[in-house]
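Quick notes on the structure that follows.
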Amino acid sequence: MREIGGYFPYIEEPDNKNHYLDGLCPPEGDLRFLMSGRCANYLALEDFKKQQPHPVAYVPLYTCETVIDPFVKAGYELIFYDFTKDMIPVFDESVLDKIHLISICGYYGFSGYDREFLKKCEERGICIIEDTTHSIFSADGIYEGCTYVVGSMRKWLGVSCGGFAIKKTGSFTPLILPPHEVHLNMRRQGLAVKTDAFRHPDTVAASVSEDASRLLWDAELLLRKVYDIHGSDSESVDIIEYYDFDALKRQRRENYRYMLEHCPKSDAYTIVFPYLDDATVPSHFTLYAADRGKFKEYLSQNGIHATSYWPVGPYINLEGHTDCAYIYDHVISIPCDQRYTAEDMAYICRVLKDF
Ligand SMILES: Cc1ncc(COP(=O)(O)O)c(C=O)c1O
């Protein structure tokens, strides 16, 4: 059976640097590579605290625990903003007098946030930090007025450490620590097995691959406990600097377009972003499933490993936020990444048709 999804393998790198992230960093700015996305967020938040020691941040109610945790760890006071069912933030102008910083994110590559509101933030000197973990490859994935750009490549390719942080003007002041050796070694070991299994599926026993999945999950749990302003290892920086991002963008857009054109209509699910504009490079093909548990199980039985981003995190209170609660309860993402071709997307569509 075809297997779709799961951890990315390492791949052979091309000979030439892509100059992608350094191209996004202005000459007067600073680009740093971090162990993970949360380390990158934490670096930017600690950096901002040098100018605002008691910061109040406006943060998304629909997000990952790993996004909010650095704010809590850095001692920020939090005000949450709501969402429509289209994953568009609902910003409230009455907070403008209260906040020092706003965190924004283009979900799954689609950056639908209200730029007029962000202009108002800029006019008032409110710092904008954009988490580009999902939108880093979209042409409109970075709001031009933001102060910090942070993110993680771990969602896009096989890399042990994937965090990056850009300060558009000036240098980061906090000290950057070496990567956490135990976490890094777990990632390296786990991804090496996944790479073997991807390249030579017949030579890696299922039990060995399952052990590697467990090791990688343990690495995630460890990261939640130990993360700090940890830098990247040089091997991961090389992967990010040499990866063929043009091919990545092309393939993901092609796969997403294929899914939009061929995904069977059904009452069992709806497509969250039903149009692919020229700017967007999608991270996943994301749906709302009426009965997500059953749907996910069915996909899994057919070798399609879909993910639900994210469970409701510890600081999230959904009372009175029915649309946002709907997102958390129904969202499910199917892989459409550069490992796969139209043939794989056609397989996914056939499986969906029989649900
Ligand atoms: C939007 C967003 N930002 C940051 C992170 C954290 O990235 P990492 O897992 O590399 O720390 C995640 C992870 O899920 C994420 O989805």
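Whatever order the structure lists them in is the order used to number ligands and atoms, beginning at 1. Here the structure is a predicted model, which means the values were calculated and not measured.
- The side-chain tip of Lys85 points at the ring of Tyr326 from less than 6.0 angstrom away and within 45° of straight on.
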- Task: Begin with the C-alpha distance, continue with both residues' side-chain angles, and end with the deciding distance and a verdict on salt bridge (charged side-chain N to carboxylate O under 4.0 Å, His left out) for Glu46 and Lys49.
- Result: CA-CA 5 Å; Glu46 284 294 336; Lys49 255 177 45 185; 3.4 Å; yes
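- Atom SG of residue Cys336 and atom CE of residue Met259 lie 8.0 Å apart, to the nearest 0.5 angstrom.
- Looking at Arg292 and Glu297, no side-chain N of the basic residue comes within less than 4.0 Å of a carboxylate O on the acidic one, giving no salt bridge.
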Name every donor-acceptor pair, under 3.5 Å, that has one atom in a side chain of residues 24-36 and the other anywhere in the protein, sequence neighbours excluded.
from: Asp30; atom 1: OD1; to: Arg32; atom 2: NE; distance (Å): 3.0
from: Asp30; atom 1: OD2; to: Arg32; atom 2: NE; distance (Å): 3.3
from: Asp30; atom 1: OD2; to: Arg32; atom 2: NH2; distance (Å): 3.3
from: Asp30; atom 1: OD2; to: Phe172; atom 2: N; distance (Å): 2.8
from: Ser36; atom 1: OG; to: Arg38; atom 2: N; distance (Å): 3.3

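- Around ligand 1, the residues contributing at least one heavy atom under 4.0 Å from the ligand are Ser36, Gly37, Arg38, Cys64, Thr66, Val67, Asp131, Thr133, His134, Ser152, Arg154, Lys155, Trp310.
- Separation of atoms OH (Tyr113) and OH (Tyr143) is listed at 8.5 Å; rounding is to 0.5 Å.
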